[in-house]
Amino acid sequence: MANRNRAFLMMTLPALLLFFTFHTYPVLQGFFYSFTDWKGYGEWNFVGFSNYLNVLQDVRALSAYGFTFQFAIVSTILVNIFSLMIALGLNAKIKFQKTLRALYFVPNILSILIVGFIFNFIFTHFLPEIAAAIGLNALTGNILGDPDLAWVGVVIMAVWQATAFNTILYLAGLQTIPEDIYEASKIDGAGKWRNFISITFPLIAPFFTINMVLAMKNFLMVFDHIIALTGGGPGQATESISLLIYRGGFQGGEFAYQSANAVIYFVVIVIISIFQLRVLQKREVEL
Amino acid sequence: MWKKGGFLFSFMAAMLLAACGESSGDDGQVELELFSNKVENIGTYQSLIEKFEEKHPNIKVDLYAPPEAETILRTRLVKDDMPDMLAIAGSALYGELADAGILKDYSDSGLIEDIQPAYLEMLDDLTEKEPGGTYGVPYATNANTVIYNKEKFEQLGVEPPKTWDEFIEILDKAKEEGEIPIYFTLQEAWTGMIAWNAVAGNLEPEQFAQKKNNDEASFQQDYQEVADKMLTLLEYGHDRTFGIGYDDGNNAFANGEGVIYLQGNWAVPELLEVNPDLDLGVFPMPVTNEPDENDLVSGVDVLFATLEESEHPEEAQLFIDFMLEEENMKQYTDEQAAFPALEGVYEDDPVLGGIRENFEEGRITSFPDHYYPPGIGAENLIQEFYIQKDKERFLQKMDNEWEKVERRY
């Protein structure tokens with residue numbers, strides 16, 4: 001038995017080492033530097049909590065939090081609705097089921113930057129031309145150039161790209177539901193909608209939980225989408241927290257200050273994820 | 001984000017280790033790493049480096065010009081893993097590196113004797129060191145210009161203006177004739193800085209940044225006219241002023257949309273690539289009504305700096321000497337439509353003839369935004385102002401952001 005345990009230990013060690021060197025150690029480093037005035041090079045001094053106090057008073061950071069949450073909540077909801085619908089469709093007995101499944105997964109394997117450039121073209125040229133042709137004046141501009149609408153553009157692209165992954169998880173969930181339950185409900189005279197509400201949805205609740213948590217976490221860290229589409233603009237309308245940390249830290253030379261911002265953000269994401277798990281797991285059921 | 005940064009560091013470190021492994025050849029060959037922050041001139045550098053290596057077979061120059069170069073340079077700085085030489089612009093980053101004391105001082109080297117004094121002054125202003133020094137050899141310079149479609153100017157029957165009023169008259173005339181007076185590309189925030197710098201460079205008080213830090217100047221006090229003039233220019237845009245970016249703008253302007261294009265000299269080769277038959281001219285934006293007071297906004301686009309810690313200072317010196325040879329400098333400036341930093345050497349490209357006078361007479365001034373603290377993200381704030389057009393609020397925001405960033409570590 002001891003031998004067996006040692007084997008398992010040996011298997012975990014490399015992963016643990018890699019994880020610690022490339023993940024935990026940099027995080028700890030960031031935590032450490034958030035209490036200094038380090039610019040990224042040269043000499044530094046401890047400055048206590050003043051970086052943290054400054055973040056809390058920074059209007060730019062607050063508006064980045066505002067945008068990021070608005071974006072993340074809307075995108076998470078939309079992604080879950082769409083991916084659940086697509087998963088239900090793909091799980092039904094339809095023709096070309098395998099081909100369609102593969103096809104719906106394609107957005108996930110495309111690089112976000114490439115998708116971004118395609119959507120940029122769509123928003124800049126394709127949509128305005130269609131809008132002009134059908135006389136829709138409100139949309140003849142570029143929504144990415146409008147501070148009130150640019151975030152919608154980012155949501156559209158993010159949802160299109162992210163739905164594929166969550167669909168796969170829901171599909172996996174749907175296949176865990178045994179067929180005989182549906183047969184039983186059929187005998188009881190339940191309709192399609194009743195089936196979904198009372199059987200399907202409760203039984204894939206664990207997958208709903210993990211999808212909500214993963215999608216929310218991913219969208220809170222949104223970065224590439226924004227680089228590819230708007231660069232944080234117009235103005236600072238679509239500046240996400242990740243983008244702010246990157247820009248301020250590396251381009252603005254505020255390494256220590258943005259480290260503090262990153263630590264705060266890390267704590268916020270952890271709290272949200274735990275909260276989501278707690279609330280959503282309560283309504284999960286077991287067969 | 002931290003994860004990404006950490007990953008980047010480790011990745012860079014791994015790549016550099018690999019690079020170092022190669023360089024320790026036993027054949028006496030010296031490898032010199034040249035880090036450049038421009039992607040536009042890679043081809044020109046490569047052909048010049050080839051020539052250099054032919055002349056000095058024992059030196060191999062490794063050109064490294066990644067995208068987002070300034071960010072990468074900062075991360076390498078963090079890793080204390082700097083290249084031998086830098087080819088960077090005279091911007092805030094140069095100032096920081098010079099202040100960090102890691103660049104070789106060229107003040108007494110004799111290499112900078114022939115450089116236009118205006119550029120040396122600009123570099124000096126970027127550092128906080130007292131007394132200042134010159135921590136790089138200025139090589140090529142750029143300028144914020146007004147690019148105009150000569151054919152359309154002829155159709156309108158107008159000449160390049162000398163004063164602000166004449167400039168506005170031309171714009172009015174173009175509007176009346178149903179042309180797009182100015183083709184803006186403001187979806188990309190940085191393109192809005194061209195006009196901003198041209199206007200502010202001529203109107204802001206001398207040493208604005210320094211005075212601002214000493215509370216002797218502020219945006220609310222000293223940028224009123226700048227903001228007003230920008231709002232005036234914006235009236236001459238097109239209906240998708242904020243929906244079109246730089247590349248799309250280049251295509252549109254090269255294909256005859258718009259009379260005037262507010263861009264730097266670097267856009268000229270790009271425009272001619274789209275449409276080689278395009279008849280272009282440039283002039284400095286006449287910001288005031290005093291023709292003699294309108295300076296061209298120009299800055300150091302490329303300067304060669306050597307790291308103090310470089311193990312091959314002599315070889316770096318040889319490379320700089322080689323680049324400064326007239327023939328090579330001419331190749332660089334011709335291919336890049338750039339301007340030589342040397343006094344008495346001028347670009348003879350006919351398109352750029354309209355600003356030659358400014359170089360000859362030394363009527364040049366620096367890019368104001370190079371002196372703004374980089375942390376404020378000025379271009380996005382200014383883009384926001386162009387869209388919202390709320391002058392007082394914007395100027396106040398600029399002041400607040402500046403003070404906030406300066407207060408921070």
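Each chain gets a letter, A, B and so on, in the order its sequence line appears, and its residues count up from 1. Everything numeric in this text was worked out from a predicted model, so none of it was measured.
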>> Using heavy-atom distances under 4.5 Å, tell me whether B:Asp248 contacts chain A through its side chain, its backbone, both, or neither.
In response: side chain
>> Counting only non-hydrogen atoms closer than 4.5 Å, does B:Leu77 touch chain A with its backbone (N, CA, C, O), its side chain (CB onward), both, or neither?
In response: both
>> Taking 4.5 Å as the heavy-atom cut-off, does anything in residues 58-66 of chain A contact chain B, and if so which residues?
In response: A:Asp58, A:Val59, A:Arg60
Would you please indicate if the ring centroids of [X] and [Y] are separated by under 6.0 Å?
X: A:Phe69; Y: A:Trp151; result: no
X: B:Tyr183; Y: B:Phe253; result: no
X: A:Phe35; Y: A:Phe46; result: no

> Once you round to the nearest 0.5 Å, how far does CD1 of B:Ile194 lie from CG of B:Asp369?
Replying inline: 9.0 Å
> Out of curiosity, A:Gln276 CD to A:Met212 CE, how far, rounded to the nearest 0.5 Å?
Replying inline: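 Reported value, rounded in 0.5 Å steps: 6.0 Å.
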Report yes or no: do [X] and [Y] form a side-chain donor-acceptor pair below 3.5 Å?
X: B:Tyr135; Y: B:Thr127; result: no
X: A:Thr124; Y: A:Asn142; result: yes
X: A:Ser240; Y: A:Thr68; result: no

> Is any residue of residues 373-383 of chain B within less than 4.5 Å of chain A by heavy atoms, and which ones?
Replying inline: B:Pro374, B:Gly375, B:Ile376, B:Gly377, B:Asn380, B:Leu381, B:Gln383
> What do the steps show when you test B:Arg76 against B:Glu33 for salt bridge (charged side-chain N to carboxylate O under 4.0 Å, His left out), and what is the final call?
Replying inline: CA-CA 13 Å; B:Arg76 289 186 56 171; B:Glu33 190 188 351; 3.0 Å; yes
>> Just to verify, what does B:Phe219 make a ring pair (Phe, Tyr, Trp, His ring centres under 6.0 Å) with, not counting sequence neighbours?
In response: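 Expected list: B:Phe208, B:Tyr223, B:Tyr372, B:Trp402.
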> With respect to chain A, which residue among B:Phe242, B:Phe385, B:Tyr386 yields the maximal number of heavy-atom pairs within a distance under 4.5 Å?
Replying inline: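 Counting heavy-atom pairs under 4.5 Å, the top option is B:Phe242.
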>> Under 4.5 Å from any heavy atom of chain B, what part of A:Leu229 do you find: side chain, backbone, both or neither?
In response: backbone
>> Need one label for A:Asp146: side chain, backbone, both or neither, based on atoms under 4.5 Å from any heavy atom in chain B.
In response: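 Neither part.
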>> Strictly by ring-ring contact (aromatic ring centres under 6.0 Å, His included), give each pair with a member in residues 66-97 of chain B just once, sequence neighbours left out.
In response: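 For residues 66-97 of chain B: none.
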> Would one find more than 12 heavy atoms of other residues, nucleotides or ligands at under 6.0 Å from atom CZ of A:Phe266?
Replying inline: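 Counting other residues, nucleotides and ligands, CZ of A:Phe266 stays at 12 neighbours or fewer.
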